[in-house]
Structure formats: C-alpha cells, structure tokens
Amino acid sequence: MSMVTLTIDGREVRAAKGATILEAARAAGINIPTLCYHPDQEVKAVCRICVVEVKGSRTLQAACAFPVAEGMVVNTQSPQVREARRTILELIVARHPLECLQCARNLNCELQTLAAQLGVREAPFARLEKQYVPDTSSPSLVRDPAKCVVCRRCVETCQQVQGVGVLFPINRGADTVVAPPFDHGLLDAVCAMCGQCSLACPTGAIVEQDHTRLVWQALGDPRKHVVVQTAPATRVTIGEEFGMPPGSIITGQLVAALRRLGFDRVFDTDFTADLTIMEEGHELIKRVKEGGRLPMFTSCSPGWIKFIEHFFPELLPNLSTCKSPQQMFGALTKTYYAEKQGIDPADIFVVSIMPCTAKKFEAGRPEMTDSGFADVDAVLTSRELGRMLREAGIDFASLPEEDYDLPLGISTGAAAIFGATGGVMEAALRTAYEVLTGRPLENLEITAVRGLDGIKEAAVEVNGLVVKAAVGHGLANAKKLCELVSRGQADYHFIEIMCCPGGCIGGGGQPIPTTNAIRQRRIDAIYQVDRDMPIRKSHENPVVRTLYEEFLGKPLGEKSHHLLHTHYVARQRYPG
Amino acid sequence: MAVALDKLSPDLREQRLREVEAAVARHRDKPGALLAVLKEVQGILGYLPEEALKKVSQGLELPLSQVYGVATFYTLFNTRPRGQHIIRLCESAPCHVQGAREVLEALKRELGIGPGEDTPDGKWSLELVSCIGVCGVAPAIMIDDQVYGNLTPDCIPGILASYR
Amino acid sequence: MRFYRAHVLVCAGTNCSLKGNRAVREALIREIEGKGLGEEVKVIETGCFGLCEQGPTIVIYPEGVLYCRATVEDVPELVDSHLLKGRRVERLLYREPTRPVAVQTVPELDYFKKQVRVVLRNCGIIDPDSIEEYIGQGGYTALAKALAMKPEEVIAQVKASGLRGRGGAGFPTGLKWEFGRKAPGGVKYVVCNADEGEPGTFKDRLILEGDPHAVLEAMAIAGWAIGANYGYIYIRGEYQLSIQRLERAIEQARRLGLLGQNIFNSGFNFDVEVRIGAGAYVCGEETALFESLEGKRGEPRIKPPYPTDVGLFGKPTVINNVETLANIPPIITRGAEWFRTLGTEKCPGTKVFTLTGDIVNEGLIEVPMGITLREVVYEIGGGIPNGHKFKMAQTGGTSGGCLPEALLDVPMDYDQLAAAGSALGSGALLIMDDTHCIVDVARCFARFFLHESCGQCIPCREGTLQLYHLVDGITRGTGTRQDLELIERLSRTMYVAPLCPLGQTAPLPIMTTLKYFKDEYLAHVDSRVCPTGTCRALATGHAAD
C-alpha cells in the first residue's frame, strides 16, 4: 500500500494513501472529536464537529471525510477550529432538551461527553427547542425526536444494515426530523423492533422501553415468586455496563448479582436453548423425511420474525414453529416448574435478561400465553439490568461467581453459542449429526458458520444426505436469503437468521457502544464459554432429558406442540 | 383541485389510484424517476396521499419512508390536500424590497388566512416561497402555474375575483 | 426561403408574458393579415430583449425601432402608421430617463450601447421555437466544427478562451472538461444546471426561453469533448415556458439529426433529456442537483470526490451552467482569441446580469466582465427612480454581499468582487434606494437561508435558524449589542464549517450589511429606532446621536 507523509499539529505523520485525516490522526494518537462518525458506517460528515484546518483550503474540512495527501499540513487545534467546534455544539445544545438527569443515556451520551470535553459552559444562543411528542407506541422502543441531532446513523442502520426502511429524514432545513413516514408511530410501521437504531444513536433520541419499574415492583411484592432467565449473549456483555472490557465473561457474577437483586430463582435461557435444539432439530428431520416445507428458517430471533411477517409473509411456512428459548422458558416455568414446585403459576413472575428490544414485543404477543398466563412478564435489556444493578448499588466487579439454580439452570456449550451468529446452526448440527448417525462428531467446532461475514454456508454429510445450511445475520442479509428462497434459488435445508449483526451479542439491547470490533470480542468470549463447558451438545443436557421423561414425553409430542411451538401472523407490508 | 382521497366516491378513488399505478409503471424503468413520478401523481390527485405513495413505493421498489422523505423535501410537493388554488408569494429580497410585504398583507386580508394555511371553504392555500425567477416584474405571486407580476396591494382583489 | 420586407419581433419572455404580450401578438397578426400585409411582414415571437420593466416590448426590423408598453388598442395604429405608412408611433417609443427625446432604434439606446451580446446573441432576434432560425444565425456550425476536431483540441480551445463557470463559482470550464475527459470510465454524463434559484436571477430562464438550441448545441460539444453520449438538463419546476421550449428544441434537433445517433456522420451519438426540479434552492449546488436528478432528497454530497470523477449516477460528469454553455458555440466558431478580447484578463468574456430593485431599467443585460457597478446602475440601468438615493447594491443574488455607494467603482468580475467582500455569483444585481431598512433586508436574507437550508449539516441547519432569530429580534426591537457580536461569531463558523456553499455563504450578505451599515444596526439596538421606519416595532426617525 502506498503511503503519504503529512503534518498534523506540527508532527510528521505517515498514513496510507486514501486514508482520511481522522484515521491518520487517530493512528498517530491525535484525538479529533466526532459526533456523527461511526466506525462501522459510511462517512456522513454532517455534524462538522471534526472540522480541521487544511493549509491552502479556504474552509475547514471534515477530518472524517477528507483524504490525506502528500505534504498536507493539518491543524486540529487552531483557534478557528476550536471556535467552530464549540459554536456547533452550542448550536446543538440550544435546541436539545436539557433533561440529561432524566435521560436513559445520561452518562453514556456522545453529545454530553462532547459538551464536557469541549468545555461548553455558556448558552449564547436562544433556546429554540423542537416541539415533538415522544413516540411511545412501540412496546420495544421510545423515539424522542427532540433529542435527535439528525446525525443519520440510525437511518443507515434501519435502511441499509437492516433493510427495514422505517427511519428516514423528513422535511427540510431546521424542520428536518428522522421518523417513520406519515407521522406513524413505530408500532404502525414495518419496524422489526430490533433496536439497532438505539445502538447507533449518539444521544437518547431512541432508547428501549423501560421495564425496570415493573421488575422492581414484582421484586418488592411478597406474593410473587420472581424467576429470572438470562439469555446466552448476556453473559459476555453485561460486564461492559460496569466498565469491564468487551469480551469479559461474567456468567458467575451475573448470577450473583441477580440473586442480590432479590430474584427467587436465577435460571438460564441456555436451558431452553438446548431444548430448542431438540425440538427444532426434530422438526427439521421431520420436514426432510416427510417432504415438508424447506428450507426451514430458525425462529428464535423475534426481530427476524416480525420482519418476515411484514416482508415475506409467503415464507411463513418455512419458519420453524418452535418458540424462541425465552418463550419456551416462560411457558415451562409456569407449567412444569410451577407444578414441580407446587407454586400457583398466577404467582410466578418471569423476568428475562435479554440482549434484545424485540423480545419485549415478543413477550407481549397474544400467541405467547400457552401456559394460561403471559409466559414472560417482563423483559430487561442488558442496559436496563445495568441500570437496576447500579441503582441497587451492587459492585458488580467484586461479586463472587455463583451457579444457576436447579433445575432450569443447567445448560451446555451448544446453548451458549446461540448468542453468536451461526451458533444455533452449529448447535443444531452437533446434535443432528450425533442423533442421526449415532456416531460422535469428531470436531465439534463448525467454524464455517462462525464470524461476521454477512452470509455463511456449510454442508455436513449425515447418513449419506448432505445437509446444506446457510447462516445470515442482520436483516439486510436475511432479506437476500429470503429473496433467494422466494425465487426458488436457495438450495438449503436449514437457514439460521439472526436479526442483529453478529447475532445476539450485537443485539439492540446490548451495552452502548456496540461496534463490530466489540462484537468480535464478544463472539470470541462466547466461544470461550462453550469451550469451558463440561457438556457441549444439547442432546446431552441431563435436565432436558429429565424434562422429556417427566413432562414433555418426546420432541414434537403433544405437550411440546402445545407449549413450545407457535404460529405466525402475516402482516402488512404497508401498515398504518 | 385537491380533494382528499378518502372523500372521493369509491369508484373515482379506484380510478385515480389506477392512474397513479399507470404513472408509476410509465417511469419505473427510468433511472432516478421518483421526482417525475411524484409530480405526475400530484397532477392526478392534487396532493400526495399515503395510499398513493404506497403505490409509488411498491412500483419503484423504494421504502415508503424514502418516498415520503423525498416528498417532504421539495416545496412543490404537498402530502396533505391543499386548497383548490395555491397562491405562492415570493418573499425573496427582490420582491421584498419592491413591496411583497404589502402584497402579503393584502392577501391575508382578502383570504383571511396566513402563510401555510388554507381557507375553510377549501378554495385557497397561501404559501411563502423563495424566488420564482420573475424578479424583473417584482413583486410577484404564482397562482397554481400562473405568474402575476408588478403587483400592488390593489391588484389582489381583482386577481382573486378572476378565479371565482 | 421567403423574404419579408419587415419583421415584427414580439418578446415572448415570461416577464412580457405577464404584461399581455400574447394578446398583442395575436392582435398584430390579425391586423397585419387584415391589411393584406401577411405576405410582406412576419410576426415573430422571440426571447427576452432585457427591458422587462418596459414590456411588452416590440422591435420592428429592418430599422430596429423599439416600442414599449404596447397594448392591444395600440396595434391598429402601429400597423397602419409604421408598417403601412412608414411613420413611427412617437408615443410608444422608448424614452430613456436620462434624455428627453424618445429613442428611435435599438442601437441608439444607452441601454444597449455598453452591452455586448455573446450569450444573448440570438435572444430577441430569432423565434426560439424555430430550429431553422437558429441555424440561419449560424447555429450548429460550432458542433459541426467541433466534431471535425479532436476532443482534446476542443478542450484546448475552451481552456485557451479562459471561460469560467457562470453559475457563480467561476471554475475554469476547459479545465473541468479536461478532468471529465481524463476520468476513467465508459459512461459519462453532461449535465446542464438550469436550476436557477438565486433570488434576483432569471438570466438562465431567459436564455433558455430565447435560445434553447444554443444550450443543446453546447451540451453536444461538451459530450464530444469529454466522451459522453448523454446529457441531462435539470431545470426548476417553476420554469414552465423554458421547459416547453427546451422539449420542443430537443424534438427539432432530433428530427434534423443534430441530436441522436451519428451526428453529422461523425459516429458520435448524443441525446439530451430534461429533468424537472420540485422546489429546492439547494439543488443548484451541483452534487445536490445530482441527488435530486437521481430521485432523492437534494442534499449536497461530500467533496472530494468531485463530479468529474464521481458524479451523476456515480459516473464522471461535467456539469455546466446554462450561461456557461451558451458561451461555448461562439468560442468554437470565433476562437479563443476573439473571446479573450472581451472582459478582463482573468475573467474573459461577458457576463449576463439581471437588474432588479430600485432601478429604472429592470431587466437583463450582457456586458463585458470588469464593468463597474456605477456604469451598470447609472449608464445602463438608468439610475434610481423616484428621486431617491442609491443606498446599496447586492451583487450575486441573496448569497452575495451588499455594497455601499463607496464601492460603486469596483470592477465586476469573480476576483475583484470577491476581494471587495462580495461575489459575482449568478450575476444578479439588486439595487436598493435609501427608503429600505438595512436590518429588514438582512432579515429577508436570513429568512431565505432558513427556508432553503437542506438541513443535512448542523452548522447550516442550526446556524441559519439562529441567524434568522437574531436578525429578526433586532427588527422587533429586542436586539442587543451582544446579539451583534453573536452574529459575528456565528458567521465566522458558518463561513468555514458547513458541508456545502449554501451554508458557507449564508452569513455573507448579512455580514456585509453589518460591516457597511453598522450605524443603522446600532440605531436599532441602542436607541430602538428604525431610521427608515420599516421596522414597525421600533420608533421611526433618526437615532439620538
């Protein structure tokens, strides 16, 4: 790669030709502040916070966009640059609600950090606040355009990364607002509720619907038996809420923390992830043997479900009928567990700790009441749990490691990797191979389906049949696969789709920031969790076996059908 | 001109929407046709209702949000039904210094509405716009596609009367 | 070909249309037929003469007698007297305010004496709906000549002419074409920027209305030069007549094989399509124009990459303003040397200005670059009407600066006006007399940018809002000296930080008013007095000092 030499703040810096000033400066340890810049996104250059002086240029240039050149002289700290940055920030602040103390993003807001960093102390401009009513229609997300700085990161996420296309700039000039079309609430749009927009947002303009009050209330209610389940991906991410580096494995501390919050039982969604493999695996085998609709799509990602319901209703028969692990857990807790413990299910309150905002929507779906009650009562994202633990004053890092409660706390490595893209596929193949061939799988790690490539493929020979599998994550990739299936061009038996890029470790409810670099570290950690587990195949989970013996009978049996499987709703492409 | 789509008879409504579909179909193979399509749709319906933009979205394979985002960017597009006639008064400097303010006051007086508003009888809408390029005869207004220049407040009642 | 002993040219520009030219033209035809002169006299609709204030204007050749403000009632007398009896109709002759006697013919006019018509060579002379008349004036010979040259030679000639972009930025046209030629890629585009939105500017409209083929011919030449086979004209939706004339001209050119396949048997193919805007000033910015032409929100793109590398639909694109293109055919036919005899050394050629505001002759003029504001205002424009005094001139439209009387002798070209803190811009000249309040006018400028900011980048979106709020406050009597300082500080950032020229120039007009008329601002903020009595919330009269 050809290199150029330039001068930044009087220092000679070498950079690759084609690099931006921002990249060159950061590599040289010179920090230029940014706001609309996002490492995983296209350069937008609309906030103009990163402007710098480039010798010979009449105007300042956005460091995030301007390419370096041989002999270029850049000043990132001149009085003109500093005045421009401060003025721009003051302009933003003049129209930004001063509600930091009440904001979900307080202390984790890029605008707030920037204002502190650049020393915005005065408010010279008139306060011309935007008059918008927050959109609380969605069960998953709250959108408050008054807090929006129109950086358009959520727009790229919604339109390009997820291919959903709900959020877009509307109007012009000072009236520009990012919103769904025709003043619709998110509930009346084709929103998948994935919450990736909330990860992209630098401020509190899009945040999760807060369920913490609901959970505190249940925890404080002596009549309630409050049970908590933790999603696979949360054991490698919640540490970030407490300043731990991405990729920290905190399973034991998480269990300890939840106990200290007062949950009566701390169980694991990983248990029902293993159960999902049993049900879904058998469903696949049945479809292959009996000529059912193929390829079969996984169904554990609720954002993906909402997406396919809106965009490809004709493919709903391709979806596995399995509920997601969260919902299987809820249904079993209020039946099997209640029965076993002799607790009235009406008194059981099921809380899930999820990486996901769409799970809130899923828990509220009318189909999800097969136990006779709402199977899951409240869903907390990783971020909300972080808030509750801070509120409770729990010093997370110093907690001892504790184990999940029995019986619904026993799981395998196969369940843990549900948290990463490709994990469900890998877990399913581990089980399918062994169940069908009766032979142990030599190498458990099916690396072809791992990693951040958008669409991955694998083929495994099982008893002479080559099982062809595909894995997609991020809804834009899901869309590509759906289009192939729709056109009859998808030669696969089984397709895993995760709504969020990277899978659940990159879910819309995860700690902020979530970037691709951070996703990769979380993925590495989740495979470490798998490697550290004594049992790494779902069908070897002893409690799952007991569950079938004691309660369910057999996979796809009558009880399973009733409690663990569901149906889907064809939704409008143009709701509202 | 612009009757809200849901106020049309079902037959007429269907017919209009079919015209919209035909307009979309005519343009769909042209690169970057959205503006031309929106212009035609507005020509058919007088404004750009959600139902019509859904057809545009479908036909051009663009998310509805993007269609709406484009429709709301340009001042010649309306996403809600407006008056039968839209009066656009130029408020840019050449018209301003030649007395646009007085013309605006005359319009407000005669119509009983301000900029951005529609008369209750649905006859008129009033808009302030940037330069319409007839500065040689400032101050100027456009009523629909017709330009009127060299205006004084006294001209306004007569011009409006010619639309009755 | 028929020969007529007289031609009656009726301006069919928009401005004259607003004054009833059509009825006059129809009456003329009826009257001429009625008097049995149909075989001898031809009535022609032409583009704008420029004297918009005096419309409807009629010129009768061969003498070139100019009649103004003619009505239908005047027609019988005109025909009977001028065309039958050879007597001029005194009362309809144009009178220049500087001279007591009526002017007889076009060449005598002060209004035209200082003008040099290169761009407007055919405007007011030919019927714009007739390709034959365009060809009769030497039209499409430049294209024929260019196609016989190598593309590099065409570019060299345009470079040698020193022609600079007339849209406002003044970038050397030949250089732009060279970049376009050298950019790798099989598909390239020529785009004509006819999204004329700068307040006070209507030259492109009148060029397109008066001489549409000149632009088509130039686009084909540009296509040959850079290796493009397709061109787009992006024109604002408000310009109905220009759109009609262009569409007709394109049809005619296709019919004669001057557009389409294998033009002049050269093997060169070129066609043109008109695309219509929908109301957004920012689309005059070239990359916003591309976005809009692609069917998107007209939001400017980040530069680099520049259009000649990545332009329309991601392909190398040369985009030129209407007036720039209209200069091309004469440069090709008459040569770069000839072109350089006009104008100044750094800005050769002419410039079309539109004169508006408090000036006797509102309208369109074409003069050599480097002419002073004083010459334009007093010698061509006829001075300030109604006995008022000159207060200031805004050059370059609303995004240009306001110049006081002391700067009337600045020669007008790109560099010298920029040095004076203003801009040549689109060539709009808005003249204001001493009845206007400087703050009220500044508020009007600020409102324009508030309305027209695309909203994409923060310093422009939020800056134009606050700028308007600040200036508006002063006109309402709530402004303070701190506000004036804040306007200056905000302007310093807006000059340098926004993504595109719209935001970067938004503070310029306001800052020039503050610079040259600070006392008037101070009267507003210190004494709560509006000296001209324009700001109704304030007292009228002069400040206490």
Side-chain angles (χ1 to χ4, degrees), chain A residues 18 20 35-36 42-54 57-62 64-67 69 78-96 111 122 124-128 130 149-152 168-178, chain C residues 278-283 288 296-305 418 447-470 472-473 478-479 482-483 485-506:
Chain A
T20 64
L35 181 57
C36 69
E42 287 171 10
V43 166
K44 305 188 168 46
V46 296
C47 76
R48 316 303 287 179
I49 288 289
C50 70
V51 286
V52 295
E53 261 180 44
V54 176
S57 171
R58 184 187 69 78
T59 60
L60 301 179
Q61 296 292 349
C64 68
F66 206 77
S78 73
Q80 189 188 34
V81 166
R82 270 189 274 114
E83 181 181 74
R85 282 182 193 151
R86 192 161 52 85
T87 303
I88 292 166
L89 262 178
E90 286 167 353
L91 286 169
I92 300 172
V93 171
R95 288 182 84 200
H96 192 83
L111 178 61
E122 289 147 27
F125 295 108
R127 286 206 60 74
L128 303 170
K130 304 174 189 175
V149 297
V150 202
C151 71
R152 300 165 185 240
F168 204 69
I170 290 167
N171 301 331
R172 185 168 89 188
D175 297 328
T176 309
V177 57
V178 173
Chain C
Y281 165 78
V282 70
C283 291
K296 302 174 191 160
R297 293 165 60 87
E299 292 167 347
R301 299 175 183 169
I302 302 164
K303 288 195 241 180
R447 192 169 158 80
F448 174 77
F449 289 109
L450 171 62
H451 192 253
E452 296 300 340
S453 168
C454 82
Q456 188 182 207
C457 86
I458 293 176
C460 177
R461 182 182 72 227
E462 307 297 336
T464 53
L465 177 68
Q466 293 289 349
L467 205 52
Y468 173 74
H469 188 78
L470 285 162
D472 185 53
T478 58
Q482 283 79 7
D483 288 344
E485 280 167 29
L486 193 56
I487 289 173
E488 287 189 31
R489 168 145 90 85
L490 176 57
S491 296
R492 280 199 300 274
T493 288
M494 289 181 70
Y495 278 133
V496 293
L499 189 149
C500 91
L502 188 152
Q504 291 163 10
T505 52

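Letters go in sequence order (proteins before strands), and every chain restarts at 1.
Between chain C and the options A:Glu90, A:Gln61, A:Arg85, A:Arg95, the largest number of non-hydrogen pairs under 4.5 Å is found for A:Arg95. Per-residue heavy-atom pair counts under 4.5 Å with chain C were compared for A:Asp175, A:Leu35, A:Val43, A:Ile170, and the maximum is reached by A:Ile170. Comparing C:Leu499, C:Val282, C:Asp483, C:Leu465 by how many heavy-atom pairs each has under 4.5 Å with chain A, the most go to C:Leu499. Among A:Arg152, A:Gln80, A:Arg58, the residue with the largest count of heavy-atom pairs under 4.5 Å with chain C is A:Arg152. Among A:Pro169, A:Ala45, A:Ala65, A:Ala62, the residue making the largest number of heavy-atom pairs under 4.5 Å with chain C is A:Pro169. Most heavy-atom pairs under 4.5 Å with chain A: of the set C:Glu452, C:Gln482, C:Arg461, C:His469, this distinction falls to C:Arg461. Per-residue heavy-atom pair counts under 4.5 Å with chain C were compared for A:Ile88, A:Leu91, A:Asn171, and the maximum is reached by A:Leu91.
The nearest pair of heavy atoms linking A:Thr59 to C:Tyr495 is CG2-O, 3.8 Å. Closest approach of A:Val149 and C:Ile458 over heavy atoms only: O-CD1, 3.9 Å.
Within residues 47-54 of chain A, the residues having any heavy atom closer than 4.5 Å to a heavy atom of chain C are A:Cys47, A:Arg48, A:Val51, listed by residue number.
With a threshold of 4.5 angstrom between heavy atoms, C:Arg489 approaches chain A through its backbone and through its side chain. Contacts between C:Ile302 and chain A at a heavy-atom distance below 4.5 Å involve the side chain alone, from C-beta outward. With a threshold of 4.5 angstrom between heavy atoms, A:Pro67 approaches chain C through side-chain atoms but not through N, CA, C or O. Within the 4.5 angstrom heavy-atom criterion, only side-chain atoms of A:Thr176, from C-beta onward, approach chain C.
For the atom pair CZ (A:Phe168) and CZ (C:Arg297), the distance works out to 6.5 Å, reported to the nearest 0.5 Å.
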